[in-house]
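As structure tokens, the structure follows; a few thoughts come after it.
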Amino acid sequence: MTETSVPPTGTSAELLLDAVSRSYGENLAVRSISAEVPASKISVIVGPSGCGKSTLLRIISGLDEPTSGRVEFEGVPVKGVPEGLAMVFQDYSRSLFPWMRVDKNVAFPIKHLPAKERAERVRFAMQEVGLSGKEKLYPWQMSGGMQQRVAIARALASHPKLLLMDEPYASVDAQTRADLEDLLMRIQAELGITVLVVTHDIDESVYLADRIIVLSAPPSVVTEVIEVDLPRPRDHIATKTDPRFVEIRGHVTRLLRSKEHAAPV
Amino acid sequence: MTIQQGSEVHVPLSAPESEAVEERAAVPAPPRRTLRTGFPWPVTVLLRLVAPAAIIGIWYLISQRERSGLFVKDPLTSFERFVEDFLSGDASRLFLGDATFDHLFPSVGRALAGLGIAIVVGVVIGVLLGISPVMTALFQPLVHLGRSLPSPALLGVFFFLFGTGDSPKIFLIAFSVVWPILLNTIDGVSSIGQTRAQAAQVFRIPGRDVLTHIVLPGAAPKIFAGIRTSLSFSLILMIISELQKSENGLGYLLIQSQRTFDYAGFWAVLIVLVILGVAFNTIFLAIERRALAWHRGATQQND
Ligand SMILES: Nc1ncnc2c1ncn2[C@@H]1O[C@H](COP(=O)(O)OP(=O)(O)O)[C@@H](O)[C@H]1O
Ligand SMILES: [Mg+2]
């Protein structure tokens, strides 16, 4: 089943997962995941809580190693954190550095660059996330939504080719979340970066994705890969009332339902 | 580990790109003096003077009693003696008395030297142990053993090891006060959190920057708390180390004045010690307030 779920090897695959598994001692968290993440698109991994989404992102970013299987980024096997990769964590308050002002947080990963270029990148990234003028605040002086924007700006400033996001909007309110979803799609379209978002929110996955990778309950495998052909730019009202959106959402919901209750083989 | 929230399907409201800037009160907190007690500052200052005034009053009453008055000199006499011994020089000596140069400065110098060594050693070893769980597990028993040794009892050992000059005293102070700093540094380093460590890794921050910009600032609140404890310890140990085999210092002066039945001199030294304790603490708080401005703000916001 895992084989059939991988579409024919595309030419523009930025990231390739090949039969990746990960166990913690006796506990098999990820059984076998094969998937391709196309370049310059938004791909979303959706699956129930505890199915190994964060584990998978850690493996992709080289923070963790798979028990078996292989990960390739731009055709090169991942060993350690690859260059050109940035990550936005779910828990913004724990991933930003509260002792640095916002501009320093954003500039920190590109500290090695000349001051002039660094300043320019910070300015651009802050503008992209709509936070111009907030550079001198501390993260803890900001709301959750603003802090997550800072985290996105920090990722953008490093000029990533691949942006990984682990449930980036799970801890912000619905309105802010809608804003940040649109923000992400706008930035992705502008900069053409490859984005891989992990979420357990079905609406969010369909709304954001060009491709949805649906995971089963643990020990997880890829249940299905869905190409989302909804037109862009997307809009919270127009897109979400599109019959096609409703149809895909229903389909993903059914997949997650059936798998969540199915006993692992 | 991140906290997972139960899956819920959210229904986003229509959002016409509202750059709704949800800024929390980013205004710096109003001056703390009025904030904390709710009184204007002259009242606060008066309130703070109540306890010292009461102590001086009781001191006076005891000194007036026939039996205890022999040993307990009254506050005024003691204070006059303090001024005479410690504050009665001419301009060329910055108006400081002989006792200041002969006893106060050597004492303070040894206390600060011991404290300085303790800070450096405590932070360096604490960071080494804190970043590695294996090292922590390996050395934790040793640390707890060292901490629970009654260090004043080891003074003899230090005399034996380092001779009779300043070094045994400095090392006794350093050895005694290093533990709170060491334990707090270990604690502080592990309090920085897995997510921040992962963020540093993903952004390929070089090890040196991780140390100076993440580990040390992240552990700083705990380190400062440790230093504060050690600060008062160091004054106590300073006195204890000067009670034997000493030629100068406030501890020496205490013993000496008692032996010669110079009770006014004895009480004058106690006044110096009180002033010293208050001064150390005030300077420390000023430094901490500057270094940890972010931390005060962050914890206030999270309350
Ligand atoms: N460091 C770890 N040690 C042991 N088990 C882990 C660890 N990290 C994750 N797991 C286990 O792996 C499974 C998947 O976890 P995770 O990747 O966090 O899931 P998700 O992000 O999809 O909610 C869980 O059952 C979890 O208990
Ligand atoms: Mg997760």
Side-chain angles (χ1 to χ4, degrees), chain A residues 48-50 54 58 61-63 81 83 85-87 89-91 94-101 108-112 130-131 134 137-146 154-155 158 164 166-167 170-171 174-179 181-183 200-204 207 236-237 240 253 256, chain B residues 1-29 191-206 208-210 212-221 291-302:
Chain A
S49 284
S54 297
R58 276 204 304 277
S61 58
L63 294 177
V81 180
E83 213 169 322
L85 182 143
M87 178 111 103
F89 297 86
Q90 174 187 335
D91 205 344
R94 279 178 225 269
S95 90
L96 295 173
F97 302 110
W99 48 89
M100 298 179 194
R101 291 176 195 276
F108 189 49
I110 49 171
K111 211 167 152 279
H112 55 279
L131 283 183
K134 307 284 177 209
L137 292 180
Y138 282 101
W140 39 265
Q141 292 174 314
M142 298 175 139
S143 69
M146 285 170 81
R154 176 172 70 175
S158 67
L164 303 178
D166 190 357
E167 311 218 21
S171 340
Q175 174 67 61
T176 308
R177 179 181 197 142
D179 289 346
E181 285 167 359
D182 289 336
L183 175 97
H200 62 250
D201 185 303
I202 298 169
D203 265 51
E204 181 167 272
Y207 185 63
H236 276 284
I237 299 174
K240 288 185 173 174
T253 309
L256 288 177
Chain B
M1 287 291 303
T2 54
I3 299 153
Q4 299 292 350
Q5 301 190 332
S7 31
E8 63 359 302
V9 179
H10 80 282
V11 187
L13 311 159
S14 62
E17 253 304 278
S18 68
E19 293 288 85
V21 170
E22 335 84 351
E23 188 173 331
R24 278 198 214 161
V27 203
S191 76
I192 292 168
Q194 221 190 342
T195 311
R196 288 195 187 103
Q198 286 186 356
Q201 254 182 298
V202 165
F203 288 109
R204 304 150 57 89
I205 310 291
R208 194 172 32 102
D209 289 339
V210 171
T212 54
H213 293 278
I214 298 179
V215 173
L216 288 180
L292 295 183
W294 67 268
H295 187 246
R296 220 175 48 237
T299 42
Q300 273 172 6
Q301 292 285 349
N302 291 340

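What you see is a predicted model, and the numbers here were worked out from it, not measured in a lab. In what follows, every chain begins at residue 1, and chains take the letters A, B, ... in the order their sequences are listed.
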Okay, side chain of A/Trp99, backbone of B/His213: is any donor-acceptor separation there less than 3.5 Å?
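Here the side-chain-to-backbone pair exists.
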Looking at B/Arg196 and A/Phe97, would you say the former's side chain and the latter's main chain have a donor-acceptor pair under 3.5 Å?
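Between the backbone of A/Phe97 and the side chain of B/Arg196 there is no qualifying donor-acceptor contact (under 3.5 Å).
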Partners passing side-chain contact (heavy atoms from CB on, under 4.5 Å) against A/Ser158 (at least two apart in sequence or in another chain):
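Checked A/Ser158 against side-chain contact (heavy atoms from CB on, under 4.5 Å); matches are A/Ala86, A/Ile110, A/Pro160, B/Phe203.
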Does A/Arg101 have any side-chain contact (heavy atoms from CB on, under 4.5 Å) partners at least two apart in sequence or in another chain, and if so, which?
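Applying side-chain contact (heavy atoms from CB on, under 4.5 Å) to A/Arg101 gives A/Asp103, A/Lys136, A/Tyr138.
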[X] to [Y] - nearest heavy-atom pair and separation:
| X | Y | answer |
| --- | --- | --- |
| B/Ala199 | A/Ser95 | CB-O, 4.0 Å |
| A/Glu83 | B/Arg204 | N-NH1, 3.5 Å |
| B/Ile205 | A/Pro109 | CD1-CA, 3.8 Å |
| B/Asp209 | A/Phe108 | O-CZ, 4.1 Å |
| A/Val81 | B/Val202 | CG1-O, 3.4 Å |

A/Leu96 portion near chain B, given a 4.5 angstrom heavy-atom threshold
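Looking at A/Leu96, just its backbone touches chain B.
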Output the option from B/Gly218, B/Ala200, B/Gly193 having the highest count of non-hydrogen pairs under 4.5 Å with chain A.
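If we count pairs closer than 4.5 Å to chain A, B/Gly218 comes out on top.
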Residue B/Ile214 versus chain A: region with a heavy atom under 4.5 Å:
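Interface part for B/Ile214: both.
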Rounded distance (nearest 0.5 Å) linking atom CD of B/Gln201 with atom OG of A/Ser61:
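Reported to 0.5 Å precision, the distance equals 8.5 Å.
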What distance separates B/Gln198 CD from A/Arg58 CZ, expressed to the nearest 0.5 Å?
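Nearest 0.5 Å value for the CD-CZ distance: 6.0 Å.
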